[in-house]
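Everything below concerns the one structure shown next.
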Amino acid sequence: MKRFFLMLLLSAFAMSGCKEKAPGEVAVLLFNSITLGNADDVKENIYFSDLAEYEVFCQYLDMALDSDRFKTRTAGYNSDYKVVSEQIDGDVAYVELSGYTVLKQMTRFNVRLVKVDGAWKVDGDQSVIHGTKPMAQ
């Protein structure tokens, strides 16, 4: 009986810690992580079907985030992206985000996500940003 209770308790803890993030949450996390210089969150939340492309992306990301130009442009900058809309169709989702660019312009753009092994990832195979358009203020 104790063993059964322990297994039930462990299962409940495991399930509570595995809450799936919505596509919008993943997109916001990825883009805010870029501007914060958090490469690990970016790498964890983007997907490329070709491992070589993923590795090249990671190398360029690391170089960009380590550059003095990036550090200068993003010093004191907080993108604070927010979800405008989210559309899910099976294992593909489209999220429209809004936020401020490094140049302090409000912008909106679309992000395509795919479900990989049960988790949403920004689709690096497709253009991550399908188009940008400044928002009227």
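Annotation: side chain of Asp125 is in contact with side chain of Glu53 (closest heavy-atom distance under 4.5 Å). The shortest side-chain heavy-atom distance between Tyr54 and Lys43 falls under the 4.5 Å cut-off. Under the 4.5 Å side-chain criterion, counting only non-hydrogen atoms from C-beta, Asn110 is not in contact with Tyr94. A 4.5 Å side-chain heavy-atom check between Asn45 and Val122 finds every atom pair outside the cut-off. No side-chain heavy atom of Asp41 sits under 4.5 Å from any side-chain heavy atom of Leu30. The side-chain heavy atoms of Val26 and Lys121, taken from C-beta on, include no pair separated by under 4.5 Å. Inter-residue side-chain proximity for Glu20 and Trp120 is flagged as met; some heavy-atom pair is nearer than 4.5 Å.
The local environment of CG in Asp50 is crowded, with over 12 non-hydrogen atoms from other residues, nucleotides or ligands closer than 6.0 Å.
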For this session: Please assess Leu97 against Val84 for the test side-chain contact (heavy atoms from CB on, under 4.5 Å), listing each intermediate value before the final yes or no.
Result: CA-CA 5 Å; Leu97 296 179; Val84 175; 5.9 Å; no

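Using the six-membered ring where Trp is involved, Tyr81 and Phe31 have ring planes that are perpendicular, over 60° apart on the 30 and 60° scheme.
Between Glu86 and Ala22, the shortest heavy-atom distance links the atoms OE1-CB, 4.1 Å. Residues Leu29 and Ser33 share a closest heavy-atom pair of O-OG, 2.6 Å. In terms of heavy atoms, Ala27 sits closest to Val95 at CB-CG1, 4.3 Å.
Rounded to the nearest 0.5 Å, atoms CZ (Phe70) and OH (Tyr77) are 9.5 Å apart.
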